[in-house]
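First the structure, in the form of structure tokens, and then the observations on it.
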Amino acid sequence: MSKRPPLPPFDHESALRKVQAAEDAWNTRDPQKVSLAYTPDSVWRNRDSFVTGREAIVEFLTRKWERELDYALRKELWAFDGNRIAVRFQYECRTADGQYWRSYGNELWEFDDDGLMARREASINDVRILEQDRRIFGPRPDDERGLPFPIR
């Protein structure tokens, strides 16, 4: 198993880098690539789904991005301590019927000594939006990195 820097314990700078790396990976919408940031036995709670292990993570993300089209995500560091990071996030997508959504959430992350995420708990709420109300388009541009994202 390889190390996934930055490694815990996190300071402000390394926690920011970890959050941005997660955002960048998720915006690829590549389940295999995303799964490599997690331990082989990583445990997730995502809304009402419970997922354990990389293979299950790949299956979960594959299904997710098959139904959440044009997915684009922003994450923001909320807090950190030792090997744990808390983030808030928003993402937008559309469903096959053309309905756009903005999803708001919070995640709690716990990392092993190699910097792989061993635990992820996500609480997420969805809001219907009109296409013209979208504000997240693809990966974060370089000039927006490190900037907080407004709630509304």
Show the numbers, then the answer: is there a side chain to side chain contact (heavy atoms under 4.5 Å, CB included) between Arg120 and Asn46?
CA-CA 8 Å; Arg120 173 184 173 267; Asn46 193 94; 2.8 Å; yes
I want to check something: taking the side chain as every heavy atom from C-beta on, are Glu107 and Lys75 in contact at a cut-off of under 4.5 Å?
yes
Could you measure the distance from the OG atom of Ser49 to the NZ atom of Lys64? Nearest 0.5 Å is fine.
10.0 Å
Where do Arg4 and Leu116 come nearest, in terms of heavy atoms and distance?
CB-CD2, 3.8 Å
Backbone N/O of Gln99 and side chain of Glu131: donor-acceptor pair under 3.5 Å:
no
Do Arg102 and Arg135 have side chains that approach each other closer than 4.5 Å (heavy atoms only, starting at C-beta)?
yes
Those residues at least two apart in sequence (or on a different chain) that pass side chain to side chain donor-acceptor pair (under 3.5 Å) with Ser35 are none
Would you indicate whether the side-chain heavy atoms of Glu92 and Asp70 approach each other to under 4.5 Å?
no
Once side-chain contact (heavy atoms from CB on, under 4.5 Å) is applied, do any residues pair with Asp143, and if so which ones, sequence neighbours excluded?
Pro141
Name all residues meeting the side-chain contact (heavy atoms from CB on, under 4.5 Å) criterion together with Lys33; count only those two or more places apart in sequence or in a different chain, and write none if there are none.
Thr28, Asp30
Mind checking whether Arg140 and Asn27 have side chains closer than 4.5 Å, heavy atoms only?
no
Could you pull out all residues at least two apart from Thr62 that satisfy side-chain contact (heavy atoms from CB on, under 4.5 Å)?
Pro31, Val58, Glu66
With rounding to the nearest 0.5 Å, note down the distance linking CG in Asn125 to CD in Gln90.
11.5 Å
Not counting sequence neighbours, which residues clear salt bridge (Lys or Arg N to Asp or Glu O under 4.0 Å) with Glu144? List them please.
Arg74
Under 3.5 Å, is there a donor on one side chain and an acceptor on the other for Ser123 and Arg45?
yes
Using ring-ring contact (aromatic ring centres under 6.0 Å, His included) as the criterion, list what pairs up with Tyr100, not counting sequence neighbours.
none
Under 4.5 Å between side-chain heavy atoms, chaining through other members, with only Ile, Leu, Val, Met, Phe, Trp and Tyr counted: pull out the rest of the cluster around Val34, sorted by chain and number.
Phe10, Leu16, Val19, Trp26, Tyr38, Trp44, Val51, Ile57, Phe60, Leu61, Trp65, Tyr71, Leu73, Leu77, Phe80, Ile85, Val87, Phe89, Tyr91, Trp109, Phe111, Met117, Ile124
For Leu147, look at atom CG and say whether over 12 heavy atoms of other residues, nucleotides or ligands are found less than 6.0 Å away.
yes
Note: Arg17 and Pro6 closest approach over all heavy atoms is NH2-CB, 3.3 Å
Grouping ILVMFWY residues whenever side-chain heavy atoms fall under 4.5 Å, the cluster of Leu108 otherwise contains none
Using modelled atom types only, decide if a donor and an acceptor are shared between the side chain of Lys18 and the backbone of Gly115 within a distance under 3.5 Å.
yes
My understanding is that only residues two or more places apart in sequence, or in another chain, count here; which of them pass salt bridge (Lys or Arg N to Asp or Glu O under 4.0 Å) with Asp24?
Arg145
Who pairs with Asp11 by side-chain contact (heavy atoms from CB on, under 4.5 Å), at least two apart in sequence or on another chain?
Glu13, Ser14
Phe149: which other cluster members, linking ILVMFWY side chains closer than 4.5 Å, directly or transitively?
Ile136
To the nearest 0.5 Å, what is the distance between CG (Asp114) and CG (Asp112)?
5.0 Å
Arg47 and Asp126: which non-hydrogen atoms are nearest, and at how many Å?
NH1-OD2, 2.6 Å
Keeping to residues at least two apart or across chains, list the side-chain hydrogen bond (donor to acceptor under 3.5 Å, both in side chains) pairs with something in residues 78-87.
Arg84-Glu110
Taking atom CZ of Arg119 as the centre, report whether more than 12 heavy atoms of other residues, nucleotides or ligands fall under 6.0 Å from it.
no
Count the heavy atoms belonging to other residues, nucleotides or ligands that lie under 6.0 Å from CG of Asp113, then report whether that count exceeds 12.
no
